[in-house]
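Okay, so here's the structure we're looking at.
Each ligand, and each atom within it, is numbered from 1 in the order the structure gives. Both backbone and side-chain heavy atoms feed into the values below; hydrogens, waters and symmetry mates do not.
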Amino acid sequence: MSGKLIFEARPPMTVAIANSEARYPVNRVFCVGRNYLAHASEMGVTVDKATQEPFYFMKDPSNVIASGSTVAYPPMSSNYHYEMEFVVAIGKAGFEVAEADADELIYGYACGLDMTRRDLQLKAREAGRPWDLGKNFEKSAVISPIVTRESVGTINEGAIELRVDGATKQSSDLNLLIWNVREIIAHLSKFYHLEPGDLIYTGTPEGVGPVVAGEKIEGSIANVGTIELTIA
Ligand code: MN
């Protein structure tokens, strides 16, 4: 490639790795929609795994922000929601990956918050329009340090919880995912060539709700870690 860049390129977004000085550079951010029955139900939709396939939306890597951050209430919304999610960090390339081979692509795991402008998402949904304004906005993809699969083993179950100012709002288990991690990797890799740096937010359990200025969100996933976000 030749030619001088006309302005400085943004450096890659990177995520901390637990117990390591090294960092994980983010390539893409995939998010699974409606992957817990009880959450689909609270959103007024039903999911039948026998007749439906998982679906996805994406967030720009530039919208990733570290756990422990303080963020401003986002513009153009009056219904800013938390969604606590189990995040899978891909570490190896794969296309049309068989479920039996899916674990090999996983570098590690993290806690994530799929922060959502719910009013804008629902308005788009009702109009049959893309969800970007509701989902893909600045600082909307919060992530904890990544724990490596090498250190914690393959995770397919365990408690996932979220509290706002100490009050429990979400409490479920990863084993209630409608499409589990292996199924998601197999399905998603039919549509995309998965690459190291791809993050997959696997969906939120029930109990989503609003936060307002001054509140603090704390989440945890067994064997993965904790995540925090403060609304300024
Ligand atoms: Mn979500």
By atom name, which N, O or S atom belonging to [X] lies closest to the Mn ion (ligand 1)?
X	value
E85	OE2
E83	OE1
D114	OD2

Strictly below 4.0 Å, N to O, side chains only: are [X] and [Y] in salt-bridge contact?
X	Y	answer
K135	D114	yes
K59	D132	no
K216	D165	no

Q: Could you verify whether a donor N or O on one side chain and an acceptor N or O on the other, from N63 and N136, lie under 3.5 Å apart?
A: yes
